[in-house]
Amino acid sequence: MGEPILRLLDVSRAFGDFLAVDGVSLDIRSGSITGLIGPNGAGKSTLFNVVAGDLMPSAGRVVFDGKDISSLAPERRFAAGLGRTFQIPRPFKRMSVLENVMLAPLDQSGEGLLAPVFGRARIRQEESTIRKRALEVLDFVTLRPLADQPAGKISGGQMKLLELARVLMGDPKLILLDEPAAGVNPALTEVLIGKIEELNRSGKTFLIIEHDMDFVMRHCDPVIALAEGRVVFEGSAEEAQSNPVLLEAYLGAPVDA
């Protein structure tokens, strides 16, 4: 693993008087598959949303690839190489699987009001290039046979693969996966795991929220645990399984600062 690609520096996120994330500092190293675990209400999803830009930090800084992105909008973070999926997939259900993937690239020429009038040839060329890339990505995630199916008609596991396909259209350096195994049958889970590991070998870095401890212990290294909005453990999967502070957090007992 290389130098940190993502650094959180004393990051907090408050909702009124409630601190959902409380002074979190951590590094995600380039080339890792890092697991983010913790009991319900630990602050994992809030932290993900702060990293992805859906929430701004109340304090602290988010540094990605050496640049402070704390105030960037989600689409600008995506353009910079930081992609994310959601625990509950959010496809455009009436559009085809292929159309959903083709929508992912930012700043397409056809999005401008005057582009259809003055740039039709450029739009057609760009659309052809995006379509070719989208089919390649669908082929990679094993969804090519479903390219023309409405996205709302495919299975939950296939929707998780579609989420990954949309993210891959941005050629991200870091991919945030929010519970990728949740609601996915074992066969598709293995397909998804295989694609994550293949992408990791090609240089992609992952930060994964997952409640399936077997998934985390088999595929994530290192493992970071949150409880009550704070980091209570950081280490290997093997160390996590015997760490008393982590076990205490999962049992619901108070966690010492």
Side-chain angles (χ1 to χ4, degrees), residues 1-8 11 13 20-22 24-52 54 62 64 82-89 157 160-161 163-164 167-168 172-184 186 188-252 255:
M1 291 183 289
E3 294 297 313
I5 191 170
L6 177 70
R7 305 195 74 195
L8 303 186
V11 168
R13 171 65 197 196
V21 175
D22 185 3
V24 168
S25 294
L26 57 84
D27 290 345
I28 303 301
R29 295 198 171 275
S30 180
S32 69
I33 301 178
T34 300
L36 183 63
I37 65 173
N40 290 331
K44 302 183 301 295
S45 293
T46 300
L47 187 66
F48 245 45
N49 287 330
V50 169
V51 173
D54 296 297
V62 179
F64 174 67
L82 196 162
R84 67 123 0 134
T85 68
F86 293 89
Q87 179 182 354
I88 300 175
K160 292 289 182 80
L161 289 167
E163 285 263 297
L164 179 59
V167 168
L168 291 177
K173 299 174 183 176
L174 172 63
I175 301 173
L176 311 179
L177 299 180
D178 193 346
E179 294 201 45
V184 181
L188 277 179
T189 297
E190 288 304 313
V191 172
L192 183 58
I193 289 169
K195 297 307 174 184
I196 291 170
E197 292 182 339
E198 187 175 344
L199 289 165
N200 181 246
R201 288 192 296 271
S202 73
K204 305 295 186 189
T205 304
F206 287 87
L207 176 59
I208 303 176
I209 290 178
E210 187 52 71
H211 284 289
D212 184 336
M213 288 299 99
D214 181 60
F215 178 105
V216 172
M217 298 308 164
R218 287 171 55 204
H219 304 290
C220 297
D221 185 24
V223 174
I224 297 170
L226 295 184
E228 301 173 8
R230 290 169 283 163
V231 174
V232 296
F233 172 83
E234 188 170 356
S236 70
E238 291 76 13
E239 292 167 336
Q241 295 179 70
S242 59
N243 183 270
V245 175
L246 185 53
L247 293 174
E248 186 178 52
Y250 269 99
L251 290 171
V255 178

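The figures here come from the full heavy-atom set of this structure, side chains too, leaving out hydrogens, waters and symmetry mates.
Here Asp22 pairs with nothing under the salt bridge (Lys or Arg N to Asp or Glu O under 4.0 Å) rule; sequence neighbours left out. With sequence neighbours excluded, the residues that form a side chain to side chain contact (heavy atoms under 4.5 Å, CB included) with Glu198 are Phe140, Lys195, Arg201. Here Glu239 pairs with Ser236 under the side chain to side chain donor-acceptor pair (under 3.5 Å) rule; sequence neighbours left out. Partners of Pro4 under the side chain to side chain contact (heavy atoms under 4.5 Å, CB included) rule, at least two apart in sequence or in another chain, are Arg7, Asp27, Arg29. With sequence neighbours left out, Asn243 forms a side chain to side chain donor-acceptor pair (under 3.5 Å) with no residue at all. With sequence neighbours left out, Thr85 forms a side chain to side chain contact (heavy atoms under 4.5 Å, CB included) with Glu163, Val167, Leu177. Partners of Asp212 according to the side chain to side chain donor-acceptor pair (under 3.5 Å) rule, which considers only residues two or more places apart in sequence or in another chain, do not exist here. Scored by the side chain to side chain donor-acceptor pair (under 3.5 Å) test, Asp54 finds Arg84 as partners (sequence neighbours excluded). Under the rule for a side chain to side chain contact (heavy atoms under 4.5 Å, CB included), the partners of Gln87 that lie at least two apart in sequence or sit in another chain are Asp178, Glu179. Listed by chain and number, the residues in a salt bridge (Lys or Arg N to Asp or Glu O under 4.0 Å) with Arg13 amount to none (sequence neighbours excluded).
Looking only at side-chain heavy atoms (C-beta outward), Ile208 and Val216 stay at 4.5 Å or farther from each other. Between Leu6 and Val62 the shortest side-chain heavy-atom distance falls below 4.5 Å. Counting only heavy atoms from C-beta outward, the side chains of Pro89 and Lys160 approach each other to under 4.5 Å. In this structure the side chain of Phe64 reaches within 4.5 angstrom of the side chain of Ile5, judged on heavy atoms.
With hydrogens and angles ignored, the 3.5 Å screen pairs a side-chain donor or acceptor of Asn49 with a backbone N or O of Ser45.
The distance from atom CG of Leu161 to atom CG of Leu164, rounded to the nearest 0.5 Å, is 7.0 Å.
For residues 218-242, every residue pair satisfying the ring-ring contact (aromatic ring centres under 6.0 Å, His included) rule, not counting sequence neighbours, is listed here: Phe215-His219.
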